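Here is the structure we will look at.
Nothing here was measured: the structure is a model prediction, and the numbers come from that model.
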Amino acid sequence: MQLNRVAIKRKAQELIYISKPLPIYAGLIMLVLGIVISTLSARIMGLNISPSDMEQYLKYVQDGNFEFALRLLDTFKPTPAATAIDTALQIISSVVNFGFVIFLMNIVRNTAPCLGNLLDGFGKFFKIVWLNILIYVFILFWTMLFIIPGFIAIYRYRMAIYIMIDNPDMSAMECIRESSRMMKGHKAELLMFDLSFFGWYLLAIIPYLGYLVQVWTIPYMNLSYAVYYETLKNCPTDAVFTEIPDSGNNSSSSEL
């Protein structure tokens, strides 16, 4: 069973142009939020080492006083308060991202999307946090066993966030189990789907220009994943997927 990657991405491109409000607006908000949070995180968690401190550290190392060198480094580690603030920032980012996915799913289903959807995740704050914690722990567990099982686990749980949106009464653990069931036979396929965006990833990391690229790639890539989920969920398990539901407009755009 194989999903039609080209058709899914073409559908996402089409939706970007015809949807109201434009997904690019939400993508721009997510980009700015990401920049702000990453900048604050770097400031908060960064090591505050002055030139004289570094000189002292190097002197300890050169003299073989490694114990003193390590003790000196310990004094520059982020404080518990800084760590707590950074954790709060990451949690806020994950909750807003949940709302972003809600916005994208509303676009795919044409169910009155609005930019206010970005805040919808705060209504399920603790459930989202718990889902993220469980996914992190499970991936960490499998990674500790071996790298490959950990990598596979990343793809096994990728649909959990979408499942939680569709099934708000399901527990975080139930969403994870359902994601594992849904992704059976599709993990390698989703990996290839990710790799199909590789060129965009390269452009997005170019200094300064990358921000302009991300204005397009954030809504485009995430909308593609939303269409992927919708297609996977709605198609029979014994079908070979060559088409996806049409919204009434056709696009001849090639896969990007």
Side-chain angles (χ1 to χ4, degrees), residues 1-5 7-9 11-12 15 90-91 93-113 117-197 221-245:
M1 182 172 61
Q2 183 178 3
L3 297 180
N4 190 326
R5 183 175 67 242
I8 290 173
K9 296 172 76 172
K11 179 72 173 181
L15 289 172
Q90 303 309 319
I91 290 175
S93 178
S94 67
V95 174
V96 175
N97 182 70
F98 189 91
F100 183 48
V101 176
I102 293 176
F103 171 74
L104 298 176
M105 294 302 297
N106 285 339
I107 285 178
V108 173
R109 296 167 178 173
N110 194 25
T111 51
N117 291 145
L118 298 180
L119 301 178
D120 287 351
F122 287 96
K124 302 178 179 65
F125 183 87
F126 294 105
K127 202 169 185 178
I128 295 168
V129 172
W130 183 234
L131 176 67
N132 287 328
I133 290 174
L134 286 177
I135 290 175
Y136 174 80
V137 169
F138 287 144
I139 292 175
L140 180 63
F141 170 77
W142 287 111
T143 303
M144 290 172 63
L145 292 179
F146 198 63
I147 297 297
I148 294 178
F151 186 74
I152 293 174
I154 293 174
Y155 285 88
R156 183 182 297 128
Y157 308 135
R158 276 279 288 273
M159 297 298 112
I161 183 174
Y162 301 96
I163 294 168
M164 179 170 284
I165 291 171
D166 269 350
N167 304 274
D169 294 331
M170 288 178 63
S171 68
M173 195 66 225
E174 288 172 332
C175 293
I176 289 174
R177 292 195 187 101
E178 179 61 18
S179 178
S180 297
R181 185 201 64 78
M182 182 178 287
M183 288 306 297
K184 286 182 179 178
H186 292 282
K187 290 183 281 292
E189 174 187 82
L190 186 53
L191 170 61
M192 296 307 297
F193 197 86
D194 287 343
L195 292 177
S196 72
F197 292 113
M221 292 168 61
N222 285 282
L223 194 53
S224 296
Y225 291 124
V227 176
Y228 177 92
Y229 166 78
E230 189 73 0
T231 308
L232 180 61
K233 188 191 76 164
N234 291 327
C235 289
T237 57
D238 58 349
V240 177
F241 306 142
T242 58
E243 297 183 359
I244 57 177

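When side chains are defined from C-beta on, I163 counts as touching Y229, because their heavy atoms get closer than 4.5 Å. Contact annotation: the side chain of F197 approaches that of Y225 to within less than 4.5 Å [non-hydrogen atoms, C-beta and beyond]. V227 places a side-chain heavy atom less than 4.5 Å from the side chain of L15. Taking the side chain as every heavy atom from C-beta outward, H186 and Y155 never approach each other to under 4.5 Å. Contact check for I161 versus N97: side-chain heavy atoms found under the 4.5 Å cut-off. In this structure, F193 and L190 have side chains that are in contact, with non-hydrogen atoms separated by less than 4.5 Å.
Classification of R5 and D194 as a salt-bridged pair fails, no side-chain N sitting under 4.0 Å from a carboxylate O. The pair E178-R181 meets the salt-bridge criterion, since a charged nitrogen lies less than 4.0 angstrom from a carboxylate oxygen.
For the side-chain hydrogen bond (donor to acceptor under 3.5 Å, both in side chains) test, no residue two or more places apart in sequence or in another chain qualifies with Y162. In this structure, N110 has no side-chain hydrogen bond (donor to acceptor under 3.5 Å, both in side chains) partners at least two apart in sequence or on a different chain.
Within a 6.0 Å radius of CD1 in I148, no more than 12 heavy atoms belonging to other residues, nucleotides or ligands are found.
Counting only distance, with no hydrogens or angles, the side chain of S180 and the backbone of I176 share a donor-acceptor pair below 3.5 Å. The closest donor-acceptor contact from the side chain of E230 to the backbone of V108 lies at 3.5 Å or more, if one exists at all. The main-chain N or O of C175 is never found under 3.5 Å from a side-chain atom of S179 such that the two would form a donor-acceptor pair.
Nearest approach of S224 to I8, heavy atoms of both residues: O-CG2, 3.5 Å. Scanning all heavy atoms of the two residues, the minimum distance from W142 to A153 falls at CD1-CB, 3.8 Å. When every heavy atom of L223 is checked against every heavy atom of A12, the shortest pair comes out as CD2-O, 3.5 Å. Here the shortest heavy-atom pairing between A7 and N4 reads N-OD1, 3.0 Å. Heavy-atom minimum distance, G150 versus I139: O-CG2, 4.0 Å.
Distance check, rounded to the nearest 0.5 Å: CD1 of I135 to CG of L131 gives 4.0 Å. To the nearest 0.5 Å, atoms CG (L119) and CZ (F98) are separated by 13.5 Å. The structure places CG of L191 at 10.5 Å from CD1 of I154, a figure rounded to the nearest 0.5 Å. To the nearest 0.5 Å, atom CD1 of residue I107 and atom CD1 of residue I102 are 12.5 Å apart. One distance of note links CD of E189 with CG of L3; it measures 4.0 Å at 0.5 Å rounding. Rounding to the nearest 0.5 Å places CG of L140 at 5.0 Å from OH of Y136.
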Contacts under 3.5 angstrom, residues 120-129 side chains, donor-acceptor by atom type, not counting sequence neighbours:
| from | atom 1 | to | atom 2 | distance (Å) |
| --- | --- | --- | --- | --- |
| D120 | OD2 | N117 | ND2 | 2.9 |
| K127 | NZ | P168 | O | 2.3 |
| K127 | NZ | M170 | O | 2.5 |

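A cation-pi arrangement is absent between R156 and F138, since the terminal nitrogen or guanidinium carbon is not both under 6.0 Å from the aromatic centre and inside a 45° cone about the axis. Note that K233 lies outside the cation-pi zone of Y228, set by a 6.0 Å cut-off to the ring centre and a 45° limit from the axis.
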